[in-house]
Peer 1: 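Pasting a structure here, questions to come.
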Amino acid sequence: MDTVIVLLNRDLRVHDHPALAAACAEARRVVPLFVLDPSVPAGRRSGFLAESLADLRRSLRERGGDLVVRRGDPVAETVRLAREITGGADGGSTGVVEAVHVSADVSALARRRERRLAEECERHRMGFRAFPGVTVVPPGAVTPSGGGDHYRVFTPYWRAWQTHSRREVLPAPARVTLPEGLDPGVPPPGHPHRPHELFRGGETVARRRMRQWLKYCVADYAAGHDDLAGNRTSKFSPYLRFGCLSPLELASLAEDGDDFVRQLCWRDFFHQVTMAFPAINRADYRPRGLTWNDDAEALRAWKEGRTGLPIVDAGMRQLLEEGWMHNRARLLTSWFLVKRLRVDWRAGADHFFGLLLDGDVANNYGNWQWVAGTGNDTRPNRTVNPVRQARRFDPDGEYVRRYVPELRNVPPKTLHEPWRLPSGVRGYPPPLVSPA
DNA sequence: CGACGCTTACG
DNA sequence: GTAAGCGTC
């Protein structure tokens, strides 16, 4: 083949990238393309995205190529670039674009884009191929043996997923050759919205962290991942969100980290649910006729981390400050909004989606519906006692004190229940509702 | 082969 | 309570 365009999206890496690897193996020239779509602003994720793109450009340049950046509608820009390279009435052909590659994704938006791209490719007599790479096991690759297009319950999926055969982990391409004279375009500038040094974007940082964590930390994951104050989770989620890391490579390197691999399986699980139910971010997966309180004041207090329940407020403030929240805190904060304040899960999920560096449709909305009882949980009326959970997972109150400075001088015994102090705590609100 | 019911298991 | 998996008809 002469030239292939690889339209990148949430696969910003060179290692284990099937769409890129196939292009490099099959075509003389490869155009790695990223299109910044102004109709889908990255918001809080824009800084992380900018860093990931800058890093990807460095990696591609080291291999003799480049990252080509355009702005506009990804489908229109891909076609425009293909025609520019292949040459039109004004001549100047630098190659013949024969195919467009993408990494297959699951959200309604992504799938609509893929369908449009496939149509446009056909119209312009180019091939179109969607490759795996966003999940460990491609969505739809394992289905219930009794029929059905996807698994609705996690545990049977986990069993099937573990025994399913996997593709090989692919090396980064040794060389990437661009067509001559192509304008590489200008990547987005760095952005003030990089809330925390913990999350510098890009594959290079991600791989360094992956190696370190697999070597020194994964063994402690099972015992430590629920410890709210300790940094004992991987914090890979933003890197997985943007594809700076390959989930397949992670899963195969973490052979002995069963509990960690299980979390990667949850990610795959929600991706295959989203593929089968693309309205997951708006519609109840399992309608249960629930009614919600339209309580703007309570919602605002929750968003700002002033519900008066310390463990909830700590989590919500970690989200505001860092663009990330500990998994256990995500459970407690979302449970409190949905089950205690009885606010619609969509309002909470949209808030998380806007602020989380790792915010993606499948995981965010899938987990919110799980908590709300409209999702894949087989026990939709599960109850959680946030004070008991706080005592268990933040026994010294270190997590609460870190994010809720008003409570720093409250003794550990009452830290998780400051309303028990006879005079309360100055500057900290009384609880909006009783916690359980 | 598919509908149905039974058993098992479920964050 | 509900889904998966399997055996049976």
Side-chain angles (χ1 to χ4, degrees), chain A residues 135-137 139-165 218 220-228 232-234 236-237 240 247 251 254 257-277 280 283-291 311-312 315 325-340 345 348-349 352 358 360 362-394 435-436:
Chain A
T135 52
V136 179
V137 170
V142 292
T143 50
S145 53
D149 59 347
H150 73 294
Y151 278 90
R152 303 164 152 273
V153 173
F154 176 73
T155 308
Y157 179 73
W158 166 236
R159 276 198 288 266
W161 183 90
Q162 281 174 294
T163 57
H164 189 262
S165 69
V218 69
D220 183 50
Y221 183 80
H225 71 97
D226 270 331
D227 173 15
L228 281 162
R232 297 159 80 183
T233 63
S234 70
F236 290 160
S237 54
L240 288 164
D258 232 42
D259 287 63
F260 174 68
V261 173
R262 192 181 158 92
Q263 299 306 310
L264 292 174
C265 182
W266 270 106
R267 182 176 176 277
D268 276 22
F269 175 73
F270 282 128
H271 277 76
Q272 57 102 47
V273 169
T274 301
M275 174 95 137
F277 186 70
I280 192 165
D284 289 356
Y285 178 79
R286 246 186 262 279
R288 295 192 194 270
L290 301 171
T291 53
I311 199 69
V312 169
M325 200 197 298
H326 191 285
N327 186 49
R328 177 60 50 175
R330 295 187 197 199
L331 175 77
L332 299 178
T333 52
S334 56
W335 181 86
F336 185 75
L337 184 76
V338 164
K339 299 285 185 166
R340 296 301 305 155
W345 60 266
F352 271 36
D358 58 46
D360 76 23
N363 285 298
N364 187 58
Y365 293 94
N367 273 306
W368 267 92
Q369 291 220 42
W370 187 89
V371 170
T374 59
N376 301 86
D377 193 3
T378 54
R379 285 175 59 197
N381 296 317
R382 179 190 308 278
T383 60
V384 175
N385 185 325
V387 173
R388 202 152 71 195
Q389 295 244 331
R391 280 206 218 95
R392 190 164 155 210
F393 300 118
D394 187 31

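Letters go in sequence order (proteins before strands), and every chain restarts at 1. What's counted below: heavy atoms across the whole structure, side chains too, no hydrogens, waters or symmetry copies.
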Peer 1: What contact category does A:Ser145 fall into here, base, sugar-phosphate, or nothing, at under 4.0 angstrom with non-hydrogen atoms?
Peer 2: sugar-phosphate
Peer 1: Would you indicate what A:Arg286 reaches in the nucleic acid, counting non-hydrogen atoms under 4.0 angstrom: base, sugar-phosphate, or nothing?
Peer 2: sugar-phosphate
Peer 1: Give the rounded distance in Å between these two atoms: CZ of A:Phe154 and C1' of B:dC10.
Peer 2: 12 Å
Peer 1: Should A:Asp358 and A:Arg267 count as an ion pair when the cut-off is N to O under 4.0 Å?
Peer 2: no
Peer 1: Identify the 5'-most and 3'-most nucleotides of DNA chain C with at least one atom closer than 4.0 Å to a non-hydrogen atom of chain A.
Peer 2: C:dG1 to C:dG5
Peer 1: Please give me the minimum heavy-atom distance between A:His150 and A:Ala276, naming the atom from each residue.
Peer 2: ND1-CB, 3.4 Å
Peer 1: Taking the side chain as C-beta and beyond, is there a heavy-atom pair between A:Asn367 and A:Phe270 under 4.5 Å?
Peer 2: yes
Peer 1: For the ring pair A:Trp266 and A:Phe269, is the centre-to-centre distance below 6.0 Å?
Peer 2: yes
Peer 1: Between A:Trp158 and A:Phe154, what is the ring plane arrangement, given parallel below 30°, perpendicular above 60°, and tilted in between?
Peer 2: parallel
Peer 1: Are any of the side-chain heavy atoms of A:Leu264 and A:Leu240 separated by less than 4.5 Å?
Peer 2: yes
Peer 1: Which part of the nucleic acid, if any, lies within contact of A:Trp266, taking any heavy atom under 4.0 Å across all strands shown: a base, the sugar-phosphate backbone alone, or nothing?
Peer 2: base
